[in-house]
There are 4 protein chains.
Amino acid sequence: MDDRFAFSIQTGSPEPIYRQLVEHVRRRVAGGQIKAGDELPSVRELAQLLAVHPMTISKAYSLLQAEGLLERRRGLAMRVAAQHQHAQPAASRIELLRPALARAAAEARQLQLAKATVMKLFSDILDEDEHP
Amino acid sequence: MDDRFAFSIQTGSPEPIYRQLVEHVRRRVAGGQIKAGDELPSVRELAQLLAVHPMTISKAYSLLQAEGLLERRRGLAMRVAAQHQHAQPAASRIELLRPALARAAAEARQLQLAKATVMKLFSDILDEDEHP
Amino acid sequence: MDDRFAFSIQTGSPEPIYRQLVEHVRRRVAGGQIKAGDELPSVRELAQLLAVHPMTISKAYSLLQAEGLLERRRGLAMRVAAQHQHAQPAASRIELLRPALARAAAEARQLQLAKATVMKLFSDILDEDEHP
Amino acid sequence: MDDRFAFSIQTGSPEPIYRQLVEHVRRRVAGGQIKAGDELPSVRELAQLLAVHPMTISKAYSLLQAEGLLERRRGLAMRVAAQHQHAQPAASRIELLRPALARAAAEARQLQLAKATVMKLFSDILDEDEHP
DNA sequence: GTGGTCTAGACCACT
DNA sequence: GTGGTCTAGACCACC
């Protein structure tokens, strides 16, 4: 399947959809899965696929464009901007993950869970993700 | 120090304050740090401590009462309900942590980070938390 | 007239307004007058109609959403959740009425009123309601 | 058992305890079960029996005294005042029951219940009460 | 002292 | 337009 369409959103989440999209794209660009020059699905296409309002997609794209990650070309699909090097080295990328890990660690402590128990579950989840 | 007051909130977070409080209390009860019969700080006390409006605290307490975790006694401070065993075994508690871990794992995959790198950072963060 | 707006509250009652609304909606859903998928009046609309503060309406709606009766759709009006069959058979609905009848019966006994007298008045009141 | 002690309160009810007591006494006096000159249980006795704060009992008694139903005698138990005829004819007493019946009728209508169904259940409940 | 309810009104986020 | 969150502050009821 077209990799451009491997988006996933959770409508029930408290995190707004447009923000889920923004961060999803940011991470996939940082990880090199989407490269400079790649085209993104059109607003209408993606809106239909995710069953959300087109303006929601548009808002996400606009934010990404405002920060220079995407470039808008009249009449054409949005494209990942070439002007900057977006893919980041692992040493930088790992820092983008820190907030999510810190949050999980805080919850683990409040739940009084042993480190080994937590690490084991996390390891299992990471393995599942590799072979979905 | 009085353990009842070990609350922490982040005002800058997109997660509303009242919800942070609700989940904080839920986890501390599940972890056994707050036990059945324990009194919670009063609405006004906690509001002053966290520098938020009393109604924000009240909203959190009301939700916890609605789900049966707290019980209200007219004119007295809220108390952890005695009717159910709230502290849960580790096997149950670990499941409460799964969503946070799953989210971190999803982000790690989008960032194309190697499992070993991710596990290492998580391990470090867990260690930091133990000796703050 | 729009049936969605057949709300009624008593501001003088000791029962809080938001709770009157919650129970009103619950009963009208159980009775099938409001069906799954139906939209409720907006917070601001209903607040103006009932001459109460919008937050009072919002509080009632939030509680109904927390118990799964309503579903929130970002930016759109609240809607009766489709996931469960809410309208209940008469055998179930009659049980929802039991507390009110039991209370009336207890008061009747304390007033030392004869059963026939009480039944007659209740019958009259029920008839009045049908032809208001 | 001593009839003066046939009080019943519901601590979980939204109706305040002191008001439950006030209305309970009013109805039992109106019904003639408690007569002029009868002594009521002492504040401490009743507080212990109902497991509530003595001040709550005292507040109820004070309200009843303020409206002339009870009279307080220093060092002695409260007594139903003799100065007025409290027991009321059935024609008056039935009106005291109207609010509870009207409420039940309103709920029945919202639940879309047939009159016959409602009357049947009410009849059953009245019968149960007679032979508890 | 305790919590609850409500109003007034600002600001935000989403469609 | 929709609902959500929060503040400021008044008033009430209960213990």
Find the distance [X]:[atom1] to [N]:[atom2] and express it as a whole number of Å.
X	N	atom1	atom2	answer
Leu46(C)	dC6(E)	CG	P	13 Å
Ile17(A)	dG3(F)	CD1	P	17 Å
Glu71(B)	dG4(E)	CD	C1'	17 Å
Gln65(B)	dG4(E)	CD	P	7 Å
Gln48(C)	dG1(F)	CD	C1'	14 Å
Leu70(B)	dG3(E)	CG	P	11 Å
Tyr61(C)	dT2(F)	OH	P	11 Å
Glu39(C)	dT15(E)	CD	P	15 Å

Check whether any side-chain N or O of Thr56(A) sits under 4.0 Å from OP1 or OP2 of dT15(E), and answer yes or no.
yes
Could you tell me whether the phosphate oxygens of dG4(E), OP1 or OP2, come under 4.0 Å of any side-chain nitrogen or oxygen in Arg72(B)?
yes
Which is more 5' along DNA chain F, the nucleotide nearest Tyr18(D) or the one nearest Tyr18(B)? Just name the residue.
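Result: Tyr18(B).
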Arg73(C)/Glu39(C) ion pair, N-O < 4.0 Å
yes
Considering only NZ, NE, NH1 and NH2 on the basic side and carboxylate oxygens on the acidic side, decide whether Glu71(A) and Arg79(A) come within less than 4.0 Å.
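Answer for the salt bridge query: yes.
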Assign each of Ala51(C) and Ala77(B) to its nearest nucleotide of DNA chain E by heavy atoms, then name whichever residue's nucleotide is nearer the 5' end.
Ala77(B)
Closest nucleotide among [options] to the [X] side chain:
X	options	answer
Met55(B)	dG3(E), dT15(E), dT5(E)	dT5(E)
Pro16(C)	dT5(F), dG4(E), dT5(E)	dT5(E)
Lys59(B)	dT15(E), dT7(F), dT5(F)	dT5(F)
Met78(C)	dG3(F), dT7(F), dT2(E)	dG3(F)

When all nucleic acid strands are considered with a 4.0 Å heavy-atom cut-off, which category describes [X]: base, sugar-phosphate, or nothing?
X	value
His53(C)	base
Arg44(B)	base
Val52(B)	sugar-phosphate

Heavy atoms from other residues, nucleotides or ligands near CD of Gln48(C) exceed 12 (cutoff 6.0 Å)
no
Among Arg98(C), Arg103(C), Arg27(C), salt bridge (charged side-chain N to carboxylate O under 4.0 Å, His left out) partner for Glu107(D)
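Single pass found, and it is Arg27(C).
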Got Arg26(D) and Glu67(D) here, is their nearest side-chain heavy-atom distance under 4.5 Å?
yes
